[in-house]
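Structure record follows, encoded as structure tokens.
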Amino acid sequence: MRLVFGSDHGGVVLRRHLVEIARELGHEVVAEFGAQDEDNSVDYSDVAVAVCREVTAVADTLGVLVCGTGQGVAMAANRIPGIRAAVLSDPFSAAMSRAHNDANVLCLGGRVVGQGLARVLLVTFLDGGFEGGRHARRVAKLQALERG
Ligand code: RB5
């Protein structure tokens, strides 16, 4: 899978860990945006925009965003047309966000989930796929909301 990662300072440690895992699993990490370390702050909204631009620019690209809680990056990401970002902390929701909501951005809290759980969430998200059918109708309604 083609992947783009980003985080603010609150998520930089987890972001780096997940980038390593993604590469080990054979995914293509095409870009990494955001904080270089925990001591130099970056605004989560800027990182979310950078990642989401890449996600919407090239088909079959997924994003992974990490901030302290996952909430800020998700709020920013979901304001960008074409983005369906899910804040995740359990594997069932990770699978369903792909199967039912066709989520294209995984948001995690670097101060919320540990590295072991984050790995499971990442793998579940990346292995998932959209079921379509009745869910396609619902996602189409989300897209209609974007158009106003
Ligand atoms: C940064 O301190 C923190 O506010 C941010 O990482 C995130 O949790 C916001 O949603």
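Ligands are counted one by one from 1 in listed order, and the atoms in each one are counted from 1 as well.
Separation of atoms CZ (Arg111) and SG (Cys67) is listed at 8.5 Å; rounding is to 0.5 Å. Distance check: Met1 CE to Leu62 CG gives 4.5 Å after rounding to the nearest 0.5 Å. Separation of atoms CD (Gln115) and CG (Leu108) is listed at 11.5 Å; rounding is to 0.5 Å.
The shortest distance between side-chain heavy atoms of Arg16 and Gln36 falls below 4.5 Å. Contact check for Val58 versus Glu54: no side-chain heavy atoms found under the 4.5 Å cut-off.
Less than 4.0 angstrom separates some heavy atom of Asp8 from each of these atoms of ligand 1: 1 (C), 5 (C), 6 (O). Proximity to Cys67 (heavy-atom distance under 4.0 Å) selects the following atoms of ligand 1: 6 (O), 7 (C), 8 (O), 9 (C), 10 (O).
The proximity of Thr69 to ligand 1, defined as any non-hydrogen pair under 4.0 Å, involves the side chain as well as the backbone.
With hydrogens left out, the protein atom closest to atom 1 (C) of ligand 1 is His9 NE2, 3.5 Å, a heavy atom. Scanning the protein for heavy atoms near atom 10 (O) of ligand 1, the closest one is Gly72 N, 3.0 Å.
For the pair Asn101 (side chain) and Ala103 (backbone), a donor-acceptor distance under 3.5 Å is absent. A donor-acceptor distance shorter than 3.5 angstrom exists from the side chain of Arg84 to the backbone of Asp102, with no hydrogens or angles considered.
Not a single heavy atom of Met75 sits under 4.0 Å from any atom of ligand 1.
Residue contacts with ligand 1: Gly68 is placed with a nitrogen or oxygen under 3.5 Å of a nitrogen or oxygen of the ligand (distance criterion only). For ligand 1, the polar-atom distance check against Arg111 finds a nitrogen or oxygen pair separated by under 3.5 Å. The shortest N or O to N or O distance between Tyr44 and ligand 1 is not under 3.5 Å.
For atom 4 (O) of ligand 1, no protein heavy-atom neighbour is present inside the 4.0 Å cut-off.
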